[in-house]
Number of protein chains: 2
Amino acid sequence: MGASKTEHFTEQQNQVATIAKALGHPARIAIIEYLLKVNACICSDIVDELPLAQPTVSQHLKELKNAGLIKGNIEGNSICYCIEEKTFNILKEYFTNIIFTVTNQKCC
Amino acid sequence: MGASKTEHFTEQQNQVATIAKALGHPARIAIIEYLLKVNACICSDIVDELPLAQPTVSQHLKELKNAGLIKGNIEGNSICYCIEEKTFNILKEYFTNIIFTVTNQKCC
DNA sequence: ATAATCCATCGTAATATTGCAATATTAAAT
DNA sequence: ATTTAATATTGCAATATTACGATGGATTAT
């Protein structure tokens, strides 16, 4: 197959999975970390920063954008990509909650 | 292509990406949530719980195990799968740190 | 106007993932 | 020893992902 049976899972499960999937590639993690580091951003910088061709970087940026992890503001000729805090907060809270639940468990 | 250029990224970037990737499927999120819910676990339960065939579930469990998100203790005939707290802590701290960094930013 | 820069999109090849039927493996029960 | 139950593995088809060259549109610089 190759296609996930998303219709069988809850909306929240699909949401978390979609966000996690978008972060499931080292290039996209590197992009996020770069955006955090420079605190302001233009795509050409990102291309210079990564060991990947420009179309590939563009594609990764698109996936991060689709997952709601970054947003891009057009700024004249170039684009200012930024971290979308809201989405990262979903993850932070999701995992914080998991840790909270697990530490109160007594399994294995 | 289809193969990630992992060798060009840092070990930490690859680590986070690998863990995130393992969570990038709703079935695997559902498995994690089920393990959290029942607080003790046997695989056959998981197969009953999910809308997927046994080999498929087994494969998803294997991927979660490879990523270090769960561990399985053999218990006679069946296997007790459990959350691996350590790995989830890595994620929790990673995203907590991102939120901390972002809130101190003034971009866009 | 022309050239240069930035970035997205298209097309395509290589590879990975998802899902399952069939089959193996392992341990408990009879 | 045989059967039964719980998982794992194998093999395969369908689909998705990754990567990049070529190309094109938009904006700025000359």
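Naming convention: chains lettered A, B, ... in sequence-line order (proteins, then strands); numbering from 1 in each chain. Computed from a prediction, not measured in an experiment: that's the story for all the values here.
- OP1 or OP2 of C/dC7 has at least one side-chain nitrogen or oxygen of A/Ser44 nearer than 4.0 Å.
- Within 4.0 Å of B/Ile74, counting heavy atoms only, lies no atom of the nucleic acid at all.
- Between A/Leu36 and B/Val102, some side-chain heavy-atom pair lies under the 4.5 Å cut-off.
- Side-chain proximity of B/His25 to the nucleotides D/dA6, C/dT9, C/dT18 is greatest for C/dT18.
- For A/Ser58, whose side chain is taken as the heavy atoms from C-beta onward, the closest listed nucleotide among D/dT7, C/dT9, D/dT18 is C/dT9.
- Among the heavy atoms of the strands lying under 4.0 Å from A/Ser78 are primed sugar atoms or P, OP1, OP2 only; no base atom is included.
- Closest contact between the side chain of B/Lys21 and the listed nucleotides C/dG19, C/dT17, C/dC7 involves C/dT17.
- Listed nucleotides C/dG19, D/dA22, C/dC7 differ in distance to A/Ser4; the shortest reach to its side chain belongs to C/dG19.
- Nearest-nucleotide assignment on DNA chain D puts the 5′-proximal partner with A/Ala3, out of A/Pro51 and A/Ala3.
- Ring geometry for A/His25 versus B/Phe9: interplanar angle over 60°, hence perpendicular rather than tilted (30 to 60°).
- Comparing A/Thr6 and A/Val47 along DNA chain C, the residue whose closest nucleotide (by nearest heavy atom) sits nearer the 5' end is A/Val47.
- Summarising the geometry, the separation between CD1 on A/Ile42 and P on D/dT27 is reported as 16 Å, rounded to the nearest angstrom.
- Counting heavy atoms from C-beta outward, A/Asn73 and A/Ile79 have side chains that stay 4.5 Å or more apart.
- Comparing A/Asp45 and B/Arg28 along DNA chain C, the residue whose closest nucleotide (by nearest heavy atom) sits nearer the 5' end is A/Asp45.
- When each of A/Glu63 and A/Gly76 is assigned the nucleotide of DNA chain D bearing its nearest heavy atom, the one mapping closer to the 5' terminus is A/Glu63.
- B/Asn77 has its CG atom 10 Å from the C1' atom of C/dA29, to the nearest Å.
- Spacing between atom CD of A/Gln54 and atom P of D/dG24 amounts to 15 Å, rounded to whole angstrom units.
- Between B/Thr56 and the phosphate of C/dC20, there is a side-chain N or O to OP1/OP2 separation shorter than 4.0 Å.
- Using a 30° and 60° split on the angle between ring planes, B/Phe95 and A/Phe95 fall in the parallel class, below 30°.
- Atom-to-atom, NZ of A/Lys62 to P of C/dC7 comes out at 16 Å; the value is rounded to the nearest Å.
- A sub-4.0 Å separation between OP1 or OP2 of D/dA19 and a side-chain N or O of A/His60 is present.
- Counting only residues at least two apart or on different chains, no salt bridge (Lys or Arg N to Asp or Glu O under 4.0 Å) pair has a member in residues 85-97 of chain A.
- A/Leu52 comes within 4.0 angstrom of the backbone, heavy atoms only, and of no base.
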